[in-house]
Amino acid sequence: MLSSSIYPLANPKGVKLECEICQKTAYVMCSQCRVTYYCDVAHQEADWNGIHEKICQLLIPIRTVPSFLSSAKERKHSEEQMVQRQKHLIDLTRTVAQKLLFEGKHEEAIPGALQSLRFATAVYGSTSAELVPSQLLLAEASIGLGRLDEAEEYLSQAQWTVMRTTECVNAIQYKLYRNLGLLFSAKCDDEKALWYYAEDIYHATQVFSASDIHTAGGYFHMANVFYRMEKMDIADSLYSEVTNIWNTFLGELVEMEIQKTLWKAGVSSPEPGTTVMDLEDVFDEAQEAEAVQVLHAIFDLRNQEYLPKHGKIGNIAQTLAMLYYLFLDFKKAVEYGKLALEDSQLLSHNEKEIATVMRLLEMAEKALSYPGGKGPSPSAWANSC
């Protein structure tokens with residue numbers, strides 16, 4: 001509980017403690033980790049809601065002075081452990097911040113983005129390309145809050161790093177161009193926004209592919225610009241491409257989860273050499289939040305009068321049904337599955353597509369029928385298959 005972490009602090013003489021959020025003199029300490037400080041309770045609450053709750057205990061070994069180590073080997077091992085802890089926190093804080101941005105919680109994303117920048121600086125130095133992803137998170141949060149001057153400052157820092165380092169690859173560059181596109185979209189400069197989104201797509205394609213979910217974000221933002229420009233044919237085509245990319249990606253994950261359930265139930269066995277992966281290994285929290293944001297935005301747009309609905313609602317509804325099936329939200333999976341089936345049958349789509357939707361709907365309904373709506377146990381699967 002946050003209330004238990006509020007602890008009035010009397011600064012030791014000659015020691016200046018800085019606020020985690022604004023770097024001003026701190027007067028409040030987190031009583032749970034006792035290594036994090038704030039200028040006031042408001043900043044403590046902001047940090048707690050944004051990231052601190054998730055990393056509170058992880059900060060203790062990083063910010064605690066290590067005990068005396070007598071040998072060089074022990075010191076080296078301690079340093080290596082410290083770096084690994086910091087790298088883990090870089091990944092964690094970035095993922096949390098990105099997830100919050102996809103959810104539209106721009107203010108809450110800032111503490112996590114700031115922490116990721118601090119840890120990246122500590123591990124890689126102040127001029128490394130490894131700082132760019134954190135700078136871009138801060139830029140995106142600033143854009144969402146309408147603080148365009150701050151966003152431009154972060155983007156300028158990121159651009160300068162990209163220009164002067166040879167280690168900046170397409171995987172970083174596409175994110176930079178996407179944020180520049182978001183900045184000019186916020187300024188209503190559609191031509192510049194489209195140019196940057198085109199660069200985003202090009203660089204993302206070099207790393208992933210034209211049909212990868214990482215590339216789909218560029219298509220989506222470009223579609224939004226064309227939609228605003230009332231160029232509905234182009235917007236419609238791009239929204240369809242985004243839907244198809246996510247549909248293929250989620251379809252593979254759903255099939256993977258179904259097969260894993262059947263293997264656990266003893267109904268079937270994996271082929272020799274098959275690698276069994278957990279869903280979390282290929283679909284992190286930030287990507288989940290992106291899928292929810294993007295797919296619901298397209299679904300809502302399809303239900304308006306400006307874009308084609310019939311023949312397109314079925315595809316986006318099926319994609320949402322698969323998404324919620326993976327989330328174990330079987331009620332929503334059934335809801336969107338029925339919409340998908342209705343549209344598919346109405347337009348007499350091919351039998352294979354209808355069968356795919358019916359299979360997903362049947363499995364979601366079966367899972368929903370079990371106590372708690374959490375799906376059957378492996379033994380129940382064995383009895384029903």
Side-chain angles (χ1 to χ4, degrees), residues 20-21 33 36 46-62 82-124 128-145 151 154 158 168-176 178-179 182 200 204 207-208 212-218 220-221 246 249-250 253 277-296 323-324 326-329:
E20 199 77 1
I21 299 295
C33 67
T36 310
D47 192 39
W48 180 267
N49 293 330
I51 192 64
H52 191 71
E53 181 182 11
K54 294 179 173 62
I55 66 172
C56 182
Q57 297 303 304
L58 298 177
L59 293 174
I60 296 174
I62 288 178
M82 176 68 73
V83 170
Q84 289 305 313
R85 290 189 180 106
Q86 290 174 321
K87 286 182 177 180
H88 171 67
L89 281 168
I90 292 170
D91 292 337
L92 175 59
T93 52
R94 282 179 182 167
T95 298
V96 172
Q98 186 64 77
K99 176 177 181 289
L100 290 168
L101 288 174
F102 283 130
E103 292 173 348
K105 299 175 181 177
H106 300 96
E107 194 75 59
E108 290 184 27
I110 291 175
L114 284 172
Q115 288 284 17
S116 72
L117 183 59
R118 291 189 191 113
F119 288 122
T121 302
V123 173
Y124 301 106
S128 171
E130 295 291 342
L131 274 60
V132 173
S134 300
Q135 292 166 339
L136 296 181
L137 289 171
L138 289 164
E140 188 173 345
S142 299
I143 292 168
L145 293 167
Y154 285 122
C168 278
V169 294
N170 290 307
I172 294 177
Q173 290 176 318
Y174 90 87
K175 294 179 180 179
L176 171 62
R178 184 168 302 178
N179 274 271
L182 290 172
D200 159 18
V207 182
F208 308 103
D212 190 272
I213 60 170
H214 294 85
T215 311
F220 174 72
H221 291 299
W246 277 104
F249 175 75
L250 294 173
L253 293 185
M277 299 181 68
D278 290 329
L279 185 62
E280 295 78 9
D281 294 332
V282 290
F283 197 34
D284 64 31
E285 288 185 356
Q287 291 171 323
E288 291 174 5
E290 180 182 12
V292 170
Q293 180 217 24
V294 168
L295 296 176
H296 274 288
L323 180 67
Y324 284 111
L326 292 170
F327 288 173
L328 306 182
D329 189 339

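In what follows, residues are counted from 1 in the order of the sequence shown.
When all heavy atoms are compared, the tightest approach of A151 to A139 is CB-O, 3.6 Å. Of all heavy-atom pairs spanning A113 and S116, the tightest one is O-OG, 2.7 Å. The two residues L176 and L136 have their closest heavy-atom pair at N-CD1, 3.5 Å. Across all their heavy atoms, M82 and P61 have their closest contact at CE-O, 3.8 Å. Contact between L137 and A97 at its shortest, heavy atoms only, is CD1-CB, 4.1 Å. Nearest approach of L92 to K54, heavy atoms of both residues: CD2-O, 4.3 Å.
Atom CG in L58 sits 10.5 Å away from atom OG1 in T93 (nearest 0.5 Å). Atom-to-atom distance recorded for C33:SG and I62:CD1 is 11.0 Å, nearest 0.5 angstrom. Going from atom CG of L100 over to atom CD1 of I51 covers 8.0 Å, rounded to the nearest 0.5 Å. For the atom pair CG of L250 and CG of L295, the computed distance is 7.0 Å after rounding to the nearest 0.5 Å. Atom CG of L89 sits about 11.5 Å away from atom CZ of R94, to the nearest 0.5 Å. Note that CD of E140 is 5.5 Å distant from CD of Q98, once rounded to the nearest 0.5 Å.
A side-chain donor from one of E20 and Q115 sits under 3.5 Å from a side-chain acceptor of the other.
Using a 4.5 Å heavy-atom cutoff, the side chains of K175 and I172 are not in contact. Counting only heavy atoms from C-beta outward, the side chains of V132 and Q135 approach each other to under 4.5 Å. Residues V96 and I55 are not in side-chain contact: their nearest non-hydrogen atoms beyond the backbone lie 4.5 Å or more apart. Under the 4.5 Å side-chain criterion, counting only non-hydrogen atoms from C-beta, F119 is not in contact with E130. In this structure, W246 and E290 have side chains that are in contact, with non-hydrogen atoms separated by less than 4.5 Å.
Ring planes of F283 and F249: perpendicular class, angle over 60° (limits at 30 and 60°). Classified by interplanar angle (parallel below 30°, tilted 30° to 60°, perpendicular above 60°), the ring pair Y324/F327 is perpendicular.
By the neighbour-count criterion of 12 heavy atoms within 6.0 Å, atom CD of Q287 is densely surrounded, having more than that number from other residues, nucleotides or ligands.
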Show, in sequence, the C-alpha distance, side-chain angles and deciding distance for E285 and F102, and conclude whether the side chain to side chain contact (heavy atoms under 4.5 Å, CB included) test is met.
CA-CA 10 Å; E285 288 185 356; F102 283 130; over 6 Å; no
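Formation of a donor-acceptor pair under 3.5 Å by the H88 side chain with backbone atoms of Q86 is not found in this model.
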